[in-house]
There are 2 protein chains.
Amino acid sequence: MPRTSTKSAAPARRLASSYRLEDQVGFLLRRAYQRASSNLVEQIGSYDLTAPQYATLARLYERGPLSQNLLGRLVAMEPANIRDVVLRLKKRRLVATRRDPTDKRLILIDLTAAGVALVEQLIPIEIECTAKTLAPLKAGQKELLYQLLSQLAER
Amino acid sequence: MPRTSTKSAAPARRLASSYRLEDQVGFLLRRAYQRASSNLVEQIGSYDLTAPQYATLARLYERGPLSQNLLGRLVAMEPANIRDVVLRLKKRRLVATRRDPTDKRLILIDLTAAGVALVEQLIPIEIECTAKTLAPLKAGQKELLYQLLSQLAER
DNA sequence: ATCTATTCGTTATGATCATAACGATATACC
DNA sequence: GGTATATCGTTATGATCATAACGAATAGAT
């Protein structure tokens, strides 16, 4: 079974000894998110939902009807992006949309009965998935990670 | 009265009190990566490079010529994705490609002189950018975060 | 009431991402 | 040698992502 060696024939360059990609938080965060996301898709894969889609459904479940724009902010998605996610969820009849009667700019998004039922099925799975992602950490480290990540993510 | 499919005056649902999206690591990791990535693009924005593109260049700088596939693994990108990144970098003459003479499957990727020069310009900026991303944390917390993220990201 | 600034949703463009399927090449084993 | 298996790069499909520009609707100030 051939596998290309991770060893390089050519020597590294000048500053290489004083710089490593692994020391950059962004790179570590990207890889950690990849792991968490793939765990989620693997766990809820049979429902054919992505992590952002699940987050959108979960937020609606928590908060009730929301304007598309506010929903986007609450799941950290730009207007152009939350739009596409809502369209896909709407196509699957997991959410429904209607115009706000008092503010005609707004599109109110809400879960359908099927959406509510799905979220209630998925929440326990997601909690288990989070536990799986955090499995490499010891008990005390998990709370610590939450605290640190929350500080980084705050706007 | 609202239609059945879109109704839901209730602000929050049953399980909402026992579940919060913020308690899911994946969501926090996604937002933290968003922040780190936007910091990087903001800092090196004038060079018109994305975070994955920078990571690719930095890895090549560290390791010297690599096959496209191995390069992808070293920056955590699937073959189909690293291909596109390499194509964009190649179009800008930051990397060059050639076939491996002993293994005709491989495409060897290496930095051009312009690529090397660019990376050496960017590395100090990236280090500063990492510091900015980590600014909300105290000194001791930064090392802790690295340790925790590394544990999560390891395959 | 009118003018201005802001907000909301849309459109367009381009760059990640993951996955599956495929041909070409290389290796392992007999 | 010859065959089964593995790897490499490509193609295709679909879902995120960010950004900029735009019209419609609202809110704020005077």
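Note on naming: letters A, B, ... go to the chains in the order of the sequence lines (proteins, then strands), and numbering restarts at 1 for each one. This is a predicted model, so every value here is computed, not measured. Heavy atoms only: backbone and side chains are in, while hydrogens, waters and symmetry mates are out.
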Can you tell which of [options] lies closest to the side chain of [X]?
{"X": "A/R105", "options": "C/dA24, C/dT11, D/dA24", "result": "D/dA24"}
{"X": "B/R30", "options": "D/dA25, D/dC17, C/dT10", "result": "D/dC17"}
{"X": "B/A80", "options": "C/dA15, D/dT16, C/dT19", "result": "C/dT19"}
{"X": "B/N81", "options": "C/dC17, C/dG9, D/dT10", "result": "C/dC17"}
{"X": "B/Q53", "options": "C/dT16, D/dG9, D/dT19", "result": "C/dT16"}
{"X": "B/T50", "options": "C/dC17, D/dC8, C/dT16", "result": "C/dT16"}
{"X": "A/N69", "options": "C/dT25, D/dA15, C/dC8", "result": "C/dC8"}
{"X": "A/Q68", "options": "C/dT16, C/dT10, D/dG9", "result": "C/dT10"}
{"X": "A/S67", "options": "C/dG9, D/dT26, D/dA15", "result": "C/dG9"}

Touch class at under 4.0 angstrom, heavy-atom based, for B/P79 against every strand present: base

Touch class at under 4.0 angstrom, heavy-atom based, for A/R73 against every strand present: sugar-phosphate

A/L145 side, atom CG; A/L149 side, atom CG - distance, nearest 0.5 Å: 4.0 Å

Tell me yes or no: between the side chains of [X] and [Y], is some donor less than 3.5 Å from an acceptor?
{"X": "A/S67", "Y": "A/N69", "answer": "no"}
{"X": "B/Y146", "Y": "A/E22", "answer": "no"}
{"X": "A/Q121", "Y": "A/Y47", "answer": "yes"}

For B/M77 against B/V85, the heavy-atom pair lying closest together: CE-CG2, 3.3 Å

Which residue lies more 5' along DNA chain C, comparing B/R88 with A/V41 via nearest heavy atoms: B/R88

A/R83 side chain near C/dC8 phosphate (N/O to OP1/OP2, under 4.0 Å): no

Pairwise 5' ranking along DNA chain D for A/V85 and A/P101, keeping only the more 5' one: A/V85

Most 5' of A/M77 and A/T102 on DNA chain D, judged by nearest nucleotide: A/M77

